[in-house]
Amino acid sequence: MSSPLVGSSLGRAGLFSARRSASRIAHARPSALTSRARALSMPMPTTCQMRNSSHSPMGAAPSNPRKKVTLGTLNSLYRKGDPITVMTAHDFPSGHVADHAGMEVVLVGDSLAMVALGMVDTSEVALEEMLLHCRSVARATQSAFTVGDLPMGSYEISPEQALGTAIRVIKEGRMQAIKLEGGQEMAPTIRKITTAGIPVLGHVGLTPQRQNALGGFRVQGKTSESALKILRDALAVQEAGCFAMVLEAVPAEVAALITRKLSVPTIGIGAGAGCSGQVLVQTDMVGNFPPGRFLPKFVKRYGDVWSESKRAIEAYRDEVKSRQYPAPEHTYPISGEEFEAFSKAVEDV
Ligand SMILES: Nc1nc(=O)c2c([nH]1)NC[C@@H]1CN(c3ccc(C(=O)N[C@@H](CCC(=O)O)C(=O)O)cc3)CN21
Ligand SMILES: CC(C)C(=O)C(=O)O
């Protein structure tokens, strides 16, 4: 399902979502139009489908016709050898579009520190900040399985601290699972959280929260010894009960071999096509950043959102300056009679 679903009547899936909205409206407020549309199994006119709340400019998330993705779904994709698609999101719109574009997992990664909050690395972002972003993404994500990252400092002290944080990400962040970085040394922590019934996505290889200890964002597993260390980490994380693990910035051959040694999926980022799934940072892959920004080698830019936004905002600037915008169709009417009365009354003010 790769067609864009936002905006309904484009494509088959759009019709399905329109139909669902139509029947939902029909249940709330039956009318001749809705029952006829239902009888004909036709989508409602766009104006009716897209009624947004006047209290929220973004409106509610339009329904997504896909079935809810569960751990069972991910497991069955893994068993079939069907790559698992994972995308980061950091707010309502980015969660919404990832969900509607068919992502199986949406991750609120701590990379939001850099791509959404303008911090220089991920170590600065606070749990409270992550929770706000998790909640925004959760409101948008109807079908994808959601995972929230534990930020640096919120889980390393003890398994108890980590469980406390994980519970907050589920209860307050409204996520379905958590991610945390680390290998063998984090196994007791992962065990503690999974035993409490919270699914954990592991993260081994390059662990950006430890960039100072690693000497920067460096590719991991480039020697036999360090590749073996990643395998041991991956096995420990698997043994501790992770449902899957991110494998970041590892040579493709090493990642493929580690993937074959495991019985849970690997989600690669900069780890080649031999992983059980892939994840990218959404802002990177849609191209929502200014020209000249550094991009890790593994990023493929599938879009140019920056240019499109810039073009639109420049056009708006020009039209405001030339008074082309707003045009009459963007304004509200008043009757000639009322306006005349107002003009007269103004003279006395
Ligand atoms: N926007 C964004 N995208 C990401 O993928 C991302 C973040 N932020 N922040 C957290 C981490 C950091 N990431 C990174 C960042 C840089 C490299 C990088 O520079 N890699 C070098 C290899 C360096 C070496 O030789 O070891 C490269 O050339 O890709 C890798 C991962 C991935 N994550
Ligand atoms: C890139 C993914 C795996 C991540 O950890 C993040 O977005 O923070």
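First listed ligand is number 1; within each ligand, the first listed atom is number 1. Values reported hereafter were calculated over all heavy atoms of this structure, with side chains retained and with hydrogens, waters and symmetry mates removed. Not measured: the values here are computed from a predicted model.
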**OP:** Check Thr88 against ligand 2 and report side chain, backbone, both or neither, counting heavy atoms closer than 4.0 Å.
**Re:** side chain

Original post:
Which ligand 1 atoms does Glu248 reach within 4.0 Å, using its non-hydrogen atoms?
Top reply: 11 (C), 13 (N), 31 (C), 32 (C), 33 (N)

**OP:** Mark up the atoms of ligand 1 that fall under 4.0 Å of a heavy atom belonging to Arg218, in ascending order.
**Re:** 26 (O)

**OP:** Report the part of Thr122 in contact with ligand 2, treating N, CA, C, O as backbone and CB onward as side chain, heavy atoms under 4.0 Å; options are side chain, backbone, both, neither.
**Re:** neither

Subject >> Glu225 and Lys229: CA distance, side-chain angles, deciding distance, salt bridge (Lys or Arg N to Asp or Glu O under 4.0 Å) verdict >> reply: CA-CA 6 Å; Glu225 192 190 349; Lys229 159 96 170 67; over 6 Å; no

**OP:** For Phe298, counting its heavy atoms only, list the atoms of ligand 1 lying under 4.0 Å from any of them.
**Re:** 5 (O), 30 (C), 31 (C), 32 (C)

**OP:** Can you figure out which of Gly270, Ala113, Pro208, Ser111 has its heavy atom closest to atom 11 (C) of ligand 1?
**Re:** Pro208

Subject >> For atom 4 (C) of ligand 2, the option (of Ile269, Val86, Leu107) bearing the nearest heavy atom >> reply: Leu107

Subject >> Within-shell test, Lys179 vs ligand 2, heavy atom, strictly < 4.0 Å >> reply: yes

Original post:
What do we get for Arg293 next to ligand 1 when only non-hydrogen atoms under 4.0 Å count, side chain, backbone, both or neither?
Top reply: side chain

Original post:
Which ligand 2 atoms, with their elements, are less than 4.0 angstrom from a heavy-atom of Ser111?
Top reply: 6 (C), 7 (O), 8 (O)

Subject >> Glu314 atom CD, neighbour heavy-atom count above 12 within 6.0 Å >> reply: yes

**OP:** With heavy atoms of Leu206 as the reference, note each atom of ligand 1 found under 4.0 Å away.
**Re:** 30 (C), 31 (C)

**OP:** Could you pull out, from Val219, Leu295, Val281, Val115, the option with a heavy atom nearest to atom 24 (C) of ligand 1?
**Re:** Val219

Original post:
So which of Asp284, Val299, Leu112 gets nearest to atom 1 (N) of ligand 1, if we judge by its closest heavy atom?
Top reply: Asp284

Subject >> Asp284 with Arg293: basic N within carboxylate O range, under 4.0 Å >> reply: yes

Original post:
Given Met119, Met114, Gln211, Gln220, which one has a non-hydrogen atom that is nearest to atom 9 (N) of ligand 1?
Top reply: Met114

**OP:** May I ask you to identify, for Leu112, whether its side chain, its backbone, both or neither come under 4.0 Å of ligand 2 on a heavy-atom basis?
**Re:** neither

